[in-house]
Amino acid sequence: MSMKVPFFNHKQSKESYQFPEEAAPEHIAIIMDGNGRWAQKRGLPRVAGHKEGISTVMKVVKAAVKLNVKALTLYTFSTENWKRPRPEVDFILKLPKEFLHLYLPELISNNVRIGAIGDMENLPAHTREAVQFAIDRTRNNDGLRLNFALNYGSRHELIKAMKEMYADINNEKLSLEELDEQHVSQYLYTAGMPEPDLLIRTGGEKRLSNFLLWQLAYTEFWFTDVLWPDFSEKEFLQALEEYRQRKRRYGGI
Ligand code: FPP
């Protein structure tokens, strides 16, 4: 049954929610790292960390909805993650279905629109179908855009874009002389979305791991040692607060 309770009550918010909505980034991208270590620290199998990670996703989605963030893009499964042991891959690829089974009604009540970026065709049918169902079901929502990066790799995305651009130039749909940054952006999975303003990476590593290389050109980065399953609204607001202090100059002075 669909829950009709919004994440956020605006009357209540005035007293209890401190961060000014207008200072929030429009688009936040997150590399959700540290699930395996979280589980191993507790003597649990690595996959227990991934399972715990889905409730963190929901906490962050709720916080983003409260702050009127326009888009949240989560690195859920990379093109390199296929190198992991098969049982772990299978487990991770079941999580979108599990997440949506648990939370889709609540996401719908809160006007969230689901999206996906990545090579969906090469995912198992159950993953693709669960995500596609959620995409179709939330198509007309105009609140938070929640994008799952699934079988996503930035280099793969750029090569795909280059091939499509080459074909369109050959077919004279695109002119080589006029090709500019806007055109390239149109050929990416993220076409039509604003570029991320803030990238958060949990789990202590400070690298991009083939995530949104083109789109992050002017994004502010925020790293934390906190492992993804332990990440909470507190750290999320801390990241937003630091983002608010940054001066974005886009190469100017
Ligand atoms: C990286 O941690 C995490 C992943 C590869 C999987 C991310 C998936 C989730 C957080 C589940 C959420 C999914 C949905 C669909 C809501 P790691 O395993 O590399 O951690 P480690 O660095 O400690 O080994």
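First listed ligand is number 1; within each ligand, the first listed atom is number 1. Along the sequence shown, residues are numbered consecutively beginning with 1.
- Atoms of ligand 1 found under 4.0 Å from any heavy atom of Trp228, numbered from 1 in the order shown, are 10 (C).
- At a heavy-atom cutoff of 4.0 Å, ligand 1 is contacted by the side chain of Arg46 but not by its backbone.
- Polar contact check, Gly53 against ligand 1: no nitrogen or oxygen pair lies under 3.5 Å apart.
- Taking any N or O of Arg37, backbone or side chain, at least one lies under 3.5 Å from an N or O belonging to ligand 1.
- For the pair Arg84 and Trp82, the cation does not sit on the ring face, since its NZ or CZ is not both under 6.0 Å from the ring centre and inside 45° of the axis.
- A cation-pi geometry, defined here as NZ or CZ lying under 6.0 Å from the six-membered ring centre and within 45° of its normal, does not hold between Lys206 and Phe221.
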Report task. Take Glu129 and Lys97, measure what salt bridge (Lys or Arg N to Asp or Glu O under 4.0 Å) needs, and give me the verdict at the end. Result -> CA-CA 9 Å; Glu129 284 161 16; Lys97 188 172 179 179; over 6 Å; no
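- Using a 4.0 Å cut-off between heavy atoms, Leu227 makes no contact with ligand 1 at all.
- With hydrogens left out, the protein atom closest to atom 17 (P) of ligand 1 is Asp33 OD1, 3.5 Å, a heavy atom.
- Looking at ligand 1, you won't find any N or O of Phe148 less than 3.5 Å from one of its N or O atoms.
- At a heavy-atom cutoff of 4.0 Å, ligand 1 is contacted by the side chain of Arg84 but not by its backbone.
- Below 4.0 Å from some heavy atom of Thr76 lie the following atoms of ligand 1, by number and element: 6 (C), 7 (C), 8 (C), 13 (C), 15 (C).
- Residue contact check for ligand 1: Gly203 places no non-hydrogen atom closer than 4.0 Å to it.
- For Phe148 and Tyr75, the ring centers are positioned 6.0 Å apart or more.
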